[in-house]
Visitor: 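Questions regarding the structure given below will be posed in turn.
We name chains A, B, ... by the order of the sequence lines, and we start the count at 1 in each one.
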Amino acid sequence: MNYFQLFGLSEKFTLDNTKLSEVYQTLQKAVHPDRFAHASNQDQLVAVQKSAMINDAYQTLKNPLKRAGYMLKLRGTEMPNEQNSFSDNAFLMRQMELREMLAEVKFAEDIDAAVFEINQTLDSEFSLLFKALQVKLNECNSAADNLAIEDLRKLKFYQKLHVELDRLEDLLFED
Amino acid sequence: MALLQIAEPGQSTVPHEHRLAAGIDLGTTNSLVASVKSGEAQTLNDEAGNDILPSIVSYQEAETLVGEQAKKFTVSDAENTIVSAKRLIGRSLKDIQGKYPSLPYSFSGDENHPEIQTRHGLINPVQVSAEILKSLNVRAEQALGGELTGVVITVPAHFDDAQRQSTKDAAKIAGLNVLRLLNEPTAAAVAYGLDSGQEGVIAIYDLGGGTFDISILRLNKGVFEVLATGGDSALGGDDFDVALVDHIIEQANLTRPLSNAMERQLSQQACIAKEQLSQNNQVEVNLTIDDKPWSTTLSKETFNTLIAGLVNKTLRACRRTLKDADITIDEVIEVVMVGGSTRVPLVRSEVEKYFKKLPLTSIDPDKVVAVGAAIQADILAGNKPDSEVLLLDVIPLSLGLETMGGLVEKVISRNTTIPVAKAQEFTTFKDGQTAMAVHVLQGERELVDDCRSLARFELRGIPPMTAGAAHIRVTFKVDADGLLEVTAMEKSTGVESKVEVKPSFGLDDSKITEMIIDSMTNAKEDIQARMVKEQQVEASRVIESIQAALVEDGKLLSEDEITAIENAISSLALIAQTNIAADIEAAIEILNDSTAIFAERRMDASIRTALSGQSVDEV
């Protein structure tokens, strides 16, 4: 049973988040270890396993990038190894530029404004790529899936930049 | 003694009996116990009519005192009177001495298992907590008129694995069955949410004596979903006292080191001054220095300046946690204040300023955690089978492994909903490598040295292969108590080696047994009898729950399968009447194993039932 089936959802990229979280809560109400705190050890053991699986399924389906990766895996298109080189030089150049922007934030005169600006840039470039990914995933053929994998890899670069920006922000506000 | 009653399947199981359960707020400064009585959760009083038990244990010549009685000895016998043991639990000696340099105790024991020298010998902080738990257990049994089936014990959400494990060990020494370790802010949210019927996003700001937690939750139709939690397991009202003490020492021209009694006198007076400043704009601090009276006036302004940095630290944690929860300040509909230290006016005004709304202070900040724990204990004990309440909690700190170069690779990130299981694969880096060191860490930083080391173990018996050919799978499992179990396995050749982790700071089973024996104050009590009784109770619990399951879901099994389980039940019932604990334990194990398939089928069936209640869309 794959995660979509587990949640009674069809394997589409676009899904209803409210519905997803409703089903999640219903399933957890059925299997959460709290329901079996007084049951036999065997029941408790199985409850922990099922509950952990449902948590993982929920996180996978809820997060759009994880969901995309999961769908592609179900369709037999695996992520290439991280070490595999990128052929898109323009994209790599852009990543280096963004990294430089990030490194310079702490020297900015108005740090708040600099953080805001880079946030905006990251968000808009992310959502452009994300829309492209969405279109490719909806085509449901292996040629499009192979292209979608490339988009997904790129989106993960943006995700990493976002994490670094968060960390930077924490540091700057901590002082 | 009629411990075991066997019923023919389908015929009985015990109609619903009310099981006695309690919620325990094991606090740094004060502890409480509460229980649901005739549908209402309430804190339980001692004989003198007090519900608050000071978390103080004093080891006196003839007896071990707990609470108010122990409090009398805090100044006169500081070395043998342990206060705020919660700050020491699950910590290394280095941690403790770095954080609290002026404690009046003399420590010994090894680096990872510090013990305090008292006139009762060496005492581990876990044993101190066990004494407090025992005292609350006695109180609960008297108030409820029977033995407790189990308890829910609350811990700061920010407690790491070692601190949680130590709390559970304390309960074991005290002879309590822990139904669940529950995060304090989550317990408070349950009490508040069920009482107010409020739905939406709430923040719980919990500043106790020694710990600070901030949790962001979404409340929806009985589900309490923790979105994120943050805080500091070593920041609380005690730190306000410490700041005040340092200030007073300066004013009085005293120089450290001071006598233990003087340190205690200072912290007591500081604490009193702090409490009075919640009402007044200035207070008089009176001390006896070298047998002479000394006094100074302390203004609220000075106090506020002294603690401003600490309060700010809590707000920074709020900011980070809101961000983790992906929630803006405007989305928070209510900020609930929990913990005695939220009485400090500066805390209230700063929280109000930060969240841009008046924090809720109408519920008793001292009792709300115990009340929430009692509600959850009642549910977990099985007294409310139709309850819609479900708590979805998270892990507070990331868990990871040491990799090359002293770096930490995260396996489970903070604020992941529990229970959770995650696996990561590693490989060997040398030809013919047959062992691999696994170092488990908790924390957010990238360097091993900046994180909390939880455990180290070695996976041995890897078949010799070329570098990179072995596939070593390390699995992290965090249960609903927030406790971690790590296993490692080499799988490429089908040869499995499996190791379970023993936390570096925890106590091993033999040490716990030793402490249980130590804790038996009554000569008539005997460890053997206690262990037999524990296993008998467990046996009857297991039989009861399996019989109930057979009645409910026997249709999921073939006749042969039912017979096999029934046979295992009968033989356990027989063995349980003997008095050899190990035999009963083994028979319980056999019965549990015989129900593996049954448990799996039941769980899958309940998932199907749950789903069919939903309108399954678009399939």
Visitor: When you look at B:Arg541 and B:Thr149, which way does the side chain to side chain contact (heavy atoms under 4.5 Å, CB included) test go after all the steps?
Guide: CA-CA 10 Å; B:Arg541 190 181 69 85; B:Thr149 304; 5.6 Å; no

Visitor: B:Ile588, B:Asn312, B:Asp604, B:Val478: which one forms the most heavy-atom pairs within less than 4.5 Å of chain A?
Guide: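 Max contact count across the listed options: B:Asp604.
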
Visitor: Using every non-hydrogen atom in the two residues, find where B:Leu148 and B:Ala21 come nearest and quote the distance to one decimal.
Guide: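 The pair with the smallest heavy-atom distance is CD2-N, 4.4 Å.
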
Visitor: Would you mind checking which part of B:Gln376 comes under 4.5 Å of any heavy atom in chain A, side chain (CB onward), backbone (N, CA, C, O), both or neither?
Guide: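 The side chain, not the backbone.
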
Visitor: Counting C-beta onward and ignoring hydrogens, is there a side-chain heavy-atom pair between A:Tyr24 and A:Leu61 closer than 4.5 Å?
Guide: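 Of all side-chain heavy-atom pairs linking A:Leu61 with A:Tyr24, none is under 4.5 Å.
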
Visitor: How long is the gap from CG on B:Asp393 to CD on B:Glu225, to the nearest 0.5 Å?
Guide: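 If we round to the nearest 0.5 Å, B:Asp393:CG and B:Glu225:CD are 10.5 Å apart.
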
Visitor: Could you tell me which portion of A:Phe36 (side chain, backbone, both or neither) has an atom closer than 4.5 angstrom to a non-hydrogen atom of chain B?
Guide: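 The side chain, not the backbone.
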
Visitor: Just give me the residue among A:Lys50, A:Glu11, A:Gln5 that pairs up with chain B most often, heavy atom to heavy atom, under 4.5 Å.
Guide: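 Of the candidates given, the most pairs with chain B belong to A:Lys50.
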
Visitor: Which atoms of B:Asp593 come close to chain A, meaning under 4.5 Å heavy atom to heavy atom: side chain ones, backbone ones, both, or neither?
Guide: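 Contact with chain A: backbone and side chain both.
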
Visitor: Quick one: does B:Asp378's side chain get under 4.5 Å of B:His18's, heavy atoms only?
Guide: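 B:Asp378 vs B:His18: side chains touch.
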
Visitor: Side chain, backbone, both or neither: which part of B:Lys323 has an atom under 4.5 Å from a heavy atom of chain A?
Guide: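 Side chain only.
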
Visitor: Between B:Val389 and chain A, with a heavy-atom cut-off of 4.5 Å, which part of the residue counts as in contact: side chain, backbone, both or neither?
Guide: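 Backbone only.
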
Visitor: Highest number of heavy-atom pairs under 4.5 Å with chain B: which of A:Met1, A:Gln59, A:Arg35?
Guide: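 Result: the option with the highest number of such pairs is A:Arg35.
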
Visitor: Do NZ/NE/NH1/NH2 and the carboxylate oxygens of A:Asp145 and A:Lys136 come within less than 4.0 Å?
Guide: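 No, A:Asp145 and A:Lys136 are not salt-bridged.
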
Visitor: When you look at A:Phe157 and A:Phe91, which way does the ring-ring contact (aromatic ring centres under 6.0 Å, His included) test go after all the steps?
Guide: CA-CA 10 Å; A:Phe157 271 84; A:Phe91 175 78; 5.6 Å; yes

Visitor: By a 4.5 Å heavy-atom criterion (distance strictly below it), what part of B:Arg602 contacts chain A: side chain, backbone, both, or neither?
Guide: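 For B:Arg602, side-chain heavy atoms alone lie under 4.5 Å from chain A.
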
Visitor: Does the side chain of A:Leu65 come within less than 4.5 Å of A:Phe126's, by heavy atoms?
Guide: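 Yes. Closest side-chain heavy atoms under 4.5 Å.
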
Visitor: With a 4.5 angstrom heavy-atom cut-off, which part of B:Ala480 approaches chain A: side chain, backbone, both or neither?
Guide: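 Side chain only.
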
Visitor: Under 4.5 Å heavy-atom distance to chain A, tell me which part of B:Thr416 shows up: side chain, backbone, both or neither.
Guide: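 It is neither, since no heavy atom gets under 4.5 Å.
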
Visitor: Do A:Phe7 and B:Leu611 touch side chain to side chain, with heavy atoms closer than 4.5 Å?
Guide: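 The answer is no; the side chains never approach within 4.5 Å.
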
Visitor: Walk me through whether B:Glu199 and B:Lys221 qualify under salt bridge (Lys or Arg N to Asp or Glu O under 4.0 Å).
Guide: CA-CA 8 Å; B:Glu199 300 215 324; B:Lys221 294 180 197 141; over 6 Å; no

Visitor: Could you look at B:Asn177 and say if it's the side chain, the backbone, both or neither that has a heavy atom under 4.5 Å from chain A?
Guide: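 Neither part.
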
Visitor: Need one label for A:Asp56: side chain, backbone, both or neither, based on atoms under 4.5 Å from any heavy atom in chain B.
Guide: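 The side chain, not the backbone.
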
Visitor: Tell me, for B:Leu591 versus chain A, whether the close heavy atoms (under 4.5 Å) come from the side chain, the backbone, both or neither.
Guide: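 When you check distances to chain A, no heavy atom of B:Leu591 falls under 4.5 Å.
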
Visitor: Applying the side chain to side chain contact (heavy atoms under 4.5 Å, CB included) test to B:Phe476, which of B:Ile395, B:Val420, B:Thr487, B:Ile412 qualifies?
Guide: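 Exactly one candidate clears the test, B:Ile412.
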
Visitor: Let me know if A:Ile54 has heavy atoms under 4.5 Å from chain B in its side chain, its backbone, both or neither.
Guide: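 Answer is side chain: those atoms of A:Ile54 sit under 4.5 Å from chain B.
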
Visitor: For the interface with chain A, which of B:Ile379, B:Leu392, B:Val542 has the highest count of heavy-atom pairs at distances below 4.5 Å?
Guide: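 Between B:Ile379, B:Leu392, B:Val542, the count favours B:Leu392.
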
Visitor: So for A:Asp34, is it side chain, backbone, both, or neither that comes closer than 4.5 Å to the heavy atoms of chain B?
Guide: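 Contact with chain B: backbone and side chain both.
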
Visitor: Could you look at B:Ile546 and say if it's the side chain, the backbone, both or neither that has a heavy atom under 4.5 Å from chain A?
Guide: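 Answer is side chain: those atoms of B:Ile546 sit under 4.5 Å from chain A.
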
Visitor: Regarding A:Arg94 and A:Glu97, does a basic nitrogen lie under 4.0 Å from an acidic carboxylate oxygen?
Guide: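 Looking at A:Arg94 and A:Glu97, the cut-off is met.
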
Visitor: Under 4.5 Å heavy-atom distance to chain A, tell me which part of B:Glu388 shows up: side chain, backbone, both or neither.
Guide: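 Answer is both: backbone and side chain atoms of B:Glu388 are under 4.5 Å from chain A.
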
